[in-house]
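Notes follow the structure.
Atoms considered below: every heavy atom in the structure, side chains included; atoms not considered: hydrogens, waters and symmetry mates.
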Amino acid sequence: MVFFLFIFEQKLLKNSFLLLFLFVIIGSCTRPTDATVSSLLFETISYKAMGTDKKLLFLDSINSLSSSVKNDSITRKFLLDLSTEYYYLNKNTKSFAVCQKALLLSKQAKDTTAIAKSYYYIGDTYEVSHKDSAYYYYHQAEKLYRLLNNQAMTGKMLFNKGYLLFYEGNYVESEIQVSKSLQFLKDSEDKKMLFSCYILLGATLEKLEEYNNALKYYLLAKNELSHLLKKGSTPDYLVSVSVNISNVYMEMKQYENSIKELENVMSPTLKKEWASYYANIIGNLGYVKMKSGHLSGVEKLLKEALEISQQVGNEASVVYKLNNLGEYYAVVRDTLQSIRYLKQSLQLAEKLKSSDDIKINLKLLSKIDYRNDSFYNKRYIAISDSLTKVQRNNRNKYARIEYETSTVEDENKSLSAKNLYLIIGSFLIILISGGVLTYRYVKNKKRELAHQKQHQKAEEEIFELLKEYQTKFNTIKLKEQNRISRELHDSVLNKLYGTRLQLGILNSSDALEVKEKRLDYVDLLQEIELEIRNISHDLHTDGIEVHLEYSNLLEDLIQEKNDLAKTHFTFSDTTELDWNTIDGLVKIAIYRIIQEALQNVIKHSEADNCVVTLTQIDTNKLQMLVEDDGKGFDSTNKKNDGIGLKNIQERAGLAQAELVITSNLGAGTKIEVVFNC
């Protein structure tokens with residue numbers, strides 16, 4: 001298993017304008033009534049000399065003033081530049097918040113260029129944590145850049161989408177996106193972008209085992225090196241392309257070419273100044289020699305590579321090095337050593353949650369540790385099935401994003417023209433044969449388009465609700481962290497300081513009275529210890545983390561109503577559904593029906609208790625119940641059907657669900673909805 005070095009500059013796609021923001025305040029001794037903002041190149045000596053903390057304080061202070069400026073092109077550019085600064089300091093949450101502000105102002109001003117850039121930057125903030133959201137925003141940016149006929153930026157957005165798809169294991173779609181990107185960038189002067197496209201396309205083709213084509217694009221990337229390698233530059237471009245070319249030669253069993261490619265980039269300077277790159281080169285060199293059957297010196301190369309990677313602290317690289325050594329000792333029939341290194345590699349891969357590396361280690365261990373082969377095989381199969389399911393869901397998810405944001409829009413654009421032709425054709429056919437078939441076709445087409453719009457709207461509603469939930473949770477989390485910080489500072493530290501001073505004073509005497517006082521302070525230390533444990537428990541509570549799951553959204557909705565009303569609301573979800581596979585229309589219908597039902601309970605029922613239950617009654621049916629013990633109403637009297645009940649009926653109808661509302665005076669109300677899922 002050769003170490004797969006795939007180097008991208010994560011910030012490559014950002015324009016490299018570091019900006020110093022200057023506020024020109026009108027007036028001298030009085031508080032300003034207005035402010036303007038401008039952006040200058042952030043290359044000043046004073047800013048470069050700042051540490052990360054000082055830069056953040058500086059940016060935060062500027063951000064707090066930005067609300068006082070007017071909405072013009074300078075302000076919008078300023079906000080986007082500010083988000084870039086936060087992004088480079090790895091403060092994605094702050095970068096996202098500023099981007100959202102820029103997006104809102106850009107939409108108000110109908111500034112298409114700024115809207116596109118806002119989408120692009122928001123995508124960057126999501127790239128690591130929520131790849132599906134990043135994909136959505138890159139796709140939105142791509143559409144606008146196409147409208148603006150901006151070829152370079154369209155190509156970059158397509159590359160970004162291909163990059164995300166690659167790391168989600170969707171290599172076929174990744175190849176399509178990057179190929180499209182190259183169509184826009186083939187004549188570009190941005191050599192870094194071209195290099196990255198060639199490398200990524202080569203990597204996808206390598207994963208698809210199209211080795212000749214992969215080699216073709218790696219060599220195209222190598223041709224761009226003359227533009228990228230300047231005096232004093234890092235060797236990352238050279239090492240990445242050489243390692244990848246070597247990998248392909250090895251897969252094609254052209255071992256001499258593979259070894260030659262690696263040896264060409266080895267140098268004393270690389271070993272002295274770029275130890276981690278040197279370790280990757282010699283690690284791969286040792287592995288290729290082992291695969292070719294030339295074992296002389298292989299052990300030394302692999303061990304040296306491992307030692308350097310451990311010293312550098314690159315755990316992902318250490319996984320590969322341990323695995324390579326495990327495979328080497330299996331080849332030379334040193335089973336104990338082989339198992340030892342493979343288990344170390346497996347343990348570290350599990351820590352890093354690297355599924356591909358876990359699979360590789362389990363597969364090798366099942367062959368070498370034959371006494372436990374059943375155990376390793378079962379784990380291998382379980383992980384493979386899990387990965388297959390995840391990748392399938394991801395493929396569906398990204399395809400759905402493309403479909404719902406592009407296909408429906410394209411149909412909308414051409415709908416008027418199609419309808420015109422259909423109407424003309426319909427009249428001709430009606431004159432000849434009555435036009436029944438054509439009428440049905442047009443009606444079905446409209447129904448299908450309306451259904452697609454409903455799906456798109458439902459998914460967008462769910463997406464916005466999840467974003468609101470994330471924002472709310474982040475606020476709560478920040479408050480909780482501040483509370484714990486205050487407790488530590490105001491209570492625990494002061495107590496410790498006071499106790500330490502008193503013990504220091506009492507320590508100079510051995511009188512009985514003094515000893516008794518010292519014991520009192522020892523007891524106080526035990527109290528402080530208990531207080532620290534309680535605070536530590538708060539820090540480790542599971543409630544401090546959140547996952548953007550649909551079920552969390554429902555629980556938050558119920559809790560929100562509990563905080564507002566006298567009625568006690570409870571929620572029970574006995575299903576084990578993968579909500580990502582449930583239709584968006586069903587999910588938004590459940591959410592809105594519960595929301596409307598709880599509002600009715602608060603306004604009209606005078607109930608003490610209300611229970612919301614979700615139950616899976618068979619493999620494809622989901623039952624939702626909302627029951628309260630309130631005063632009820634006469635459900636047979638249509639005059640009692642207020643706006644709330646009509647909204648519930650409408651939501652159930654859109655999701656094609658079965659709705660039954662049962663209520664009697666003095667006997668509470670029961671709303672039952674059965675969905676097909």
Side-chain angles (χ1 to χ4, degrees), residues 8-17 73 76-84 86-88 92 95-168 170 173-174 176-185 188 190 192-193 196-197 200 397-410 412-413 456 459-460 463-464 467:
F8 283 105
E9 285 194 355
Q10 293 290 341
K11 312 299 186 259
L12 172 64
L13 307 179
K14 290 280 191 182
N15 293 330
S16 57
F17 31 70
S73 60
R76 295 190 292 274
K77 183 178 184 299
F78 153 72
L79 288 172
L80 290 168
D81 295 342
L82 178 58
S83 76
T84 301
Y86 278 129
Y87 178 78
Y88 284 132
N92 283 352
S95 180
F96 171 79
V98 177
C99 285
Q100 287 284 61
K101 193 187 301 183
L103 178 61
L104 177 63
L105 294 179
S106 301
K107 286 183 175 179
Q108 290 174 355
K110 298 181 180 180
D111 184 344
T112 306
T113 301
I115 295 172
K117 189 175 287 188
S118 298
Y119 281 140
Y120 162 30
Y121 285 11
I122 291 173
D124 280 353
T125 65
Y126 275 128
E127 185 182 314
V128 175
S129 58
H130 298 90
K131 288 185 168 53
D132 55 338
S133 296
Y135 188 93
Y136 169 82
Y137 282 106
Y138 287 148
H139 186 61
Q140 295 289 74
E142 176 209 333
K143 290 187 299 178
L144 292 179
Y145 281 127
R146 283 180 184 270
L147 287 174
L148 294 167
N149 198 29
N150 189 326
Q151 305 246 347
M153 293 306 298
T154 301
K156 286 185 179 182
M157 295 308 102
L158 288 164
F159 170 83
N160 284 2
K161 289 162 64 178
Y163 179 85
L164 292 171
L165 290 164
F166 179 89
Y167 281 104
E168 291 285 292
N170 195 345
E173 286 299 319
S174 176
I176 292 170
Q177 296 294 334
V178 184
S179 296
K180 289 180 180 178
S181 175
L182 278 171
Q183 291 176 13
F184 287 93
L185 296 170
S188 173
D190 189 343
K192 286 184 180 180
M193 197 69 242
S196 297
C197 282
L200 180 53
K397 179 167 56 180
Y398 290 118
R400 191 164 60 246
I401 290 171
E402 289 274 1
Y403 174 75
E404 291 175 355
T405 58
S406 297
T407 306
V408 173
E409 290 180 0
D410 291 342
N412 285 339
K413 291 176 184 177
Q456 182 180 4
E459 292 291 347
E460 288 174 352
F463 181 77
E464 290 301 323
K467 282 202 301 182

Apply the test ring pair (Phe, Tyr, Trp, His ring centres under 6.0 Å) to residues Tyr126 and Phe96: give CA-CA distance (whole Å), side-chain angles for both, the deciding distance (0.1 Å), then the verdict.
CA-CA 8 Å; Tyr126 275 128; Phe96 171 79; 5.3 Å; yes
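- A distance-only check finds a donor-acceptor pair linking the side chain of Ser83 to the backbone of Leu80 [under 3.5 Å].
- Across every non-hydrogen atom of Glu142 and Thr154, the tightest pair is CG-CG2, 4.2 Å.
- Of all the heavy atoms in Ile122 and Cys99, the pair that sits closest is CG1-CB, 3.4 Å.
- Between the CG atom of Leu158 and the CG atom of Leu185 there is a distance of 8.0 Å, given to the nearest 0.5 Å.
- One distance of note links NZ of Lys101 with CG of Leu82; it measures 8.0 Å at 0.5 Å rounding.
- Looking at Leu147 and Thr112, their side chains never come closer than 4.5 Å, going by heavy atoms from C-beta outward.
- Of the inter-residue distances, the one linking Tyr121 atom OH with Thr84 atom OG1 reads 4.0 Å to the nearest 0.5 angstrom.
- Taken to the nearest 0.5 Å, the CE atom of Met157 stands 10.0 Å off from the NZ atom of Lys161.
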Step by step, work out the side-chain contact (heavy atoms from CB on, under 4.5 Å) result for Tyr135 and Leu165.
CA-CA 9 Å; Tyr135 188 93; Leu165 290 164; 3.9 Å; yes
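- The shortest heavy-atom contact between Val178 and Leu200 is CG2-CD2, 3.5 Å.
- Contact record, Tyr138 with Glu127: OH-OE1, 3.2 Å, taken as the closest heavy-atom pair.
- Residues Ser106 and Ala114 share a closest heavy-atom pair of OG-CB, 3.1 Å.
- Here the side chain of Ser174 pairs no donor or acceptor atom with the backbone of Asn170 at under 3.5 angstrom.
- Here the CG-CZ distance, from Leu182 to Phe159, works out to 9.5 Å after rounding to the nearest 0.5 Å.
- Here the straight-line distance linking atom OH of Tyr145 with atom CE of Met153 works out to 3.5 Å at 0.5 Å rounding.
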Give the C-alpha distance, both sets of side-chain angles, the deciding distance and a yes or no for side-chain contact (heavy atoms from CB on, under 4.5 Å) between Phe184 and Arg146.
CA-CA 10 Å; Phe184 287 93; Arg146 283 180 184 270; 3.4 Å; yes
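- Closest non-hydrogen pair, Cys197 versus Ser181, comes out as SG-OG, 3.5 Å.
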